[in-house]
Trainee: 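Following this message is one structure expressed as structure tokens.
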Amino acid sequence: MSEWNSIDKWIARIRYKAIEAYIPGGGVIADIGCGREAAFLKYYSSSVLKGFGFDFRIEDQTIKNLTLINNKGSDGLDIESCCCDTVFMLAVLEHLDTTKVLLNEIHRILKPGGKFCLTTPTPAAKPVLECMAALHIINKEEILEHKHYYSGQEIHTLMEDCGFACDQYKKFCFGMNSMAVGTCIPLSTEGSDRGNIC
């Protein structure tokens with residue numbers, strides 16, 4: 001995969017600023033799809049007690065208070081249940097073939113009442129991103145990997161189906177990007193086929 005250019009990195013920083021208020025000072029966080037450089041975790045590592053990063057492109061390693069885990073070929077997140085205060089998934093949802101398995105795992109690793117914060121491009125972004133990718137303004141391979149562009153209602157429904165109360169949804173970047181925040185609701189395991197629910 002080709003490297004991000006300066007515009008890709010600038011867009012990533014905009015995402016960081018959109019969710020910055022949800023970094024739990026002194027808390028434990030996880031970043032799903034952290035990328036091979038784990039840039040988001042490194043950027044905020046001094047603000048948190050512990051950070052976990054998951055990506056199929058990264059090597060297993062520990063860097064100070066960060067634990068980076070290669071999860072290639074696995075639908076699971078190999079950490080303890082109910083151990084995270086906040087889980088982030090930035091510009092990842094649109095790349096997934098199956099979403100609910102991963103969101104169920106995110107629910108499992110969050111503490112009851114913990115926050116799940118995601119960003120994803122809106123349907124309005126599709127033609128713009130594809131045009132920019134065709135012109136090699138942004139990373140073309142990243143855009144070609146997009147499976148679906150989610151509306152606000154789709155995100156709200158997905159979160160509810162996976163055990164989150166969708167507290168906030170907003171658009172940014174001129175309506176071409178969105179952020180959603182959900183609270184992890186403890187669910188009874190009775191009558192559920194989801195294991196290890198908080």
Trainee: Verify the distance criterion only: is there a donor paired with an acceptor across the side chains of Lys171 and Thr122 at less than 3.5 Å?
Mentor: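 No - no donor-acceptor pair under 3.5 Å links their side chains.
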Trainee: If every non-hydrogen atom of Cys34 is compared with every non-hydrogen atom of Ile58, which pair is closest and at what distance?
Mentor: SG-CD1, 3.9 Å
Trainee: Between Thr119 (side chain) and Met179 (backbone), is there a donor-acceptor pair under 3.5 Å?
Mentor: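 Looks like no, no N/O pair under 3.5 Å.
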Trainee: State whether Glu142 and Arg57 are salt-bridged, where the test is any N-O pair (Lys NZ or Arg NE/NH1/NH2 against Asp/Glu carboxylate O) under 4.0 Å.
Mentor: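 Yes, charged N to carboxylate O under 4.0 Å.
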Trainee: Is it the case that atom NZ in Lys126 sees more than 12 heavy atoms from other parts of the structure closer than 6.0 Å?
Mentor: no
Trainee: Minimum heavy-atom separation for Cys117 and Ile19, please, with both atom names.
Mentor: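 Closest pair (atom of Cys117, atom of Ile19, distance): SG-CG2, 3.0 Å.
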Trainee: Can you measure from NZ (Lys64) to NZ (Lys42) and round to the nearest 0.5 angstrom?
Mentor: 11.0 Å
Trainee: Going through the distances and angles, do Arg15 and Phe172 end up as a side chain to side chain contact (heavy atoms under 4.5 Å, CB included)?
Mentor: CA-CA 9 Å; Arg15 286 195 294 267; Phe172 60 101; 4.2 Å; yes
Trainee: Any non-hydrogen side-chain atom of Thr62 less than 4.5 Å from a side-chain atom of Leu68?
Mentor: no
Trainee: When rounded to the nearest 0.5 angstrom, what is the spacing between SG in Cys173 and CE in Met176?
Mentor: 6.5 Å
Trainee: So, using salt bridge (Lys or Arg N to Asp or Glu O under 4.0 Å) as the criterion, who are the partners of Glu160 when residues are at least two apart?
Mentor: none
Trainee: Among the clusters formed by ILVMFWY side chains lying less than 4.5 Å apart, do Leu118 and Val101 turn up in the same one?
Mentor: no
Trainee: Could you check whether Lys115 pairs with Asp167 (Lys NZ or Arg NE/NH1/NH2 to Asp/Glu carboxylate O, under 4.0 Å)?
Mentor: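 Salt bridge between Lys115 and Asp167, a charged N being under 4.0 Å from a carboxylate O: yes.
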Trainee: To check you understand the geometry: which heavy-atom pair defines the closest contact between Ile155 and Ala180, and what is its length?
Mentor: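 That would be CG2-CB, 3.6 Å.
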Trainee: In Å and rounded to the nearest 0.5 Å, what is the CG to CG distance from Asp31 to Leu66?
Mentor: 10.0 Å
Trainee: Is Asn65 close to Leu49 at the side-chain level, that is, under 4.5 Å between some pair of heavy atoms?
Mentor: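 Side chain of Leu49 against side chain of Asn65, heavy atoms only: no contact under 4.5 Å found.
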Trainee: How far apart are the C-alpha atoms of Ile29 and Cys84, what are their side-chain angles, what is the distance that settles it, and do they pass the side chain to side chain contact (heavy atoms under 4.5 Å, CB included) test?
Mentor: CA-CA 5 Å; Ile29 66 172; Cys84 293; over 6 Å; no
Trainee: Using a distance-only test with no angle check, is there a side-chain donor-acceptor pair under 3.5 angstrom linking Glu130 and His146?
Mentor: no
Trainee: Compare all side-chain heavy atoms of Leu93 with those of Tyr150 and state whether any distance is below 4.5 angstrom.
Mentor: yes
Trainee: Evaluate Lys100 against Asp161 for salt bridge (charged side-chain N to carboxylate O under 4.0 Å, His left out), listing each step before the verdict.
Mentor: CA-CA 8 Å; Lys100 289 189 177 180; Asp161 287 349; 3.3 Å; yes
Trainee: Can you find a pair of side-chain heavy atoms, one from Ile109 and one from Val87, that are under 4.5 Å apart?
Mentor: yes
Trainee: Does the structure place the NZ or CZ of Lys50 under 6.0 Å from the centre of the six-membered ring of Phe52, at an angle of no more than 45° from the ring's axis?
Mentor: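 Yes, cation above the ring, under 6.0 Å and within 45°.
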Trainee: Tell me if the aromatic rings of Phe164 and His107 count as close, with their centers under 6.0 Å from one another.
Mentor: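 Yes - the distance between ring centres of Phe164 and His107 falls below the 6.0 Å cut-off.
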Trainee: Grab the two heavy atoms, one from Val48 and one from Gly27, that are nearest each other, plus how far apart they are.
Mentor: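 Scanning both residues, the minimum pair turns out to be CB-O, 3.4 Å.
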Trainee: Please work out which of the three classes, parallel, tilted or perpendicular, describes the rings of Tyr44 and Tyr16, given edges at 30° and 60°.
Mentor: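 Ring orientation, 0 to 90° scale: perpendicular.
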Trainee: Minimum heavy-atom separation for Cys162 to Leu103, with atom names?
Mentor: SG-CB, 3.6 Å
Trainee: Where is the tightest heavy-atom contact between Ala125 and Pro121, given as atom of each residue plus distance?
Mentor: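 Distance-wise, the nearest heavy atoms are CB-CB, 3.9 Å.
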Trainee: Could you give me the CA-CA distance, side-chain angles and deciding distance for Val181 and Tyr22, then say whether side chain to side chain contact (heavy atoms under 4.5 Å, CB included) is met?
Mentor: CA-CA 9 Å; Val181 180; Tyr22 294 94; 3.7 Å; yes
Trainee: With a 4.5 Å limit on heavy-atom distance, are the side chains of Glu94 and Glu145 in contact?
Mentor: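 The answer is no; the side chains never approach within 4.5 Å.
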Trainee: Are Ile14 and Leu41 connected into the same hydrophobic cluster when the rule is that any two of I, L, V, M, F, W, Y join if their side-chain heavy atoms are below 4.5 Å apart?
Mentor: yes
Trainee: Run the side chain to side chain contact (heavy atoms under 4.5 Å, CB included) check on Thr99 and Leu158 step by step: do they pass?
Mentor: CA-CA 8 Å; Thr99 56; Leu158 181 62; 3.5 Å; yes
Trainee: Under 3.5 Å, is there a donor-acceptor pair between the side chain of Arg108 and the main chain of Leu77?
Mentor: yes
Trainee: As an exercise, state the distance from CE of Met159 to OH of Tyr169, rounded to the nearest 0.5 Å.
Mentor: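 Reported to 0.5 Å precision, the distance equals 10.5 Å.
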Trainee: If you define the side chain from C-beta out and look only at heavy atoms, does anything of Ile32 sit under 4.5 Å from Phe88?
Mentor: no
Trainee: Look up atom CG in Leu129 and atom CD1 in Ile143, then write down how far apart they are to the nearest 0.5 Å.
Mentor: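 One finds 4.5 Å between CG of Leu129 and CD1 of Ile143.
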Trainee: Within this structure, what is the CD1-SG distance for the pair Ile137 and Cys131, rounded to the nearest 0.5 Å?
Mentor: 6.5 Å
Trainee: Pairing donors with acceptors under 3.5 angstrom, does anything connect the side chains of Tyr149 and Glu154?
Mentor: no
Trainee: Give me the one residue out of Leu110, Thr86, Asp85 that meets side-chain contact (heavy atoms from CB on, under 4.5 Å) with Val28.
Mentor: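 When side-chain contact (heavy atoms from CB on, under 4.5 Å) is applied between Val28 and each of Leu110, Thr86, Asp85, only Asp85 qualifies.
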Trainee: Are any side-chain N or O atoms of Asn70 and backbone N or O atoms of Asp60, one a donor and one an acceptor, separated by less than 3.5 Å?
Mentor: no
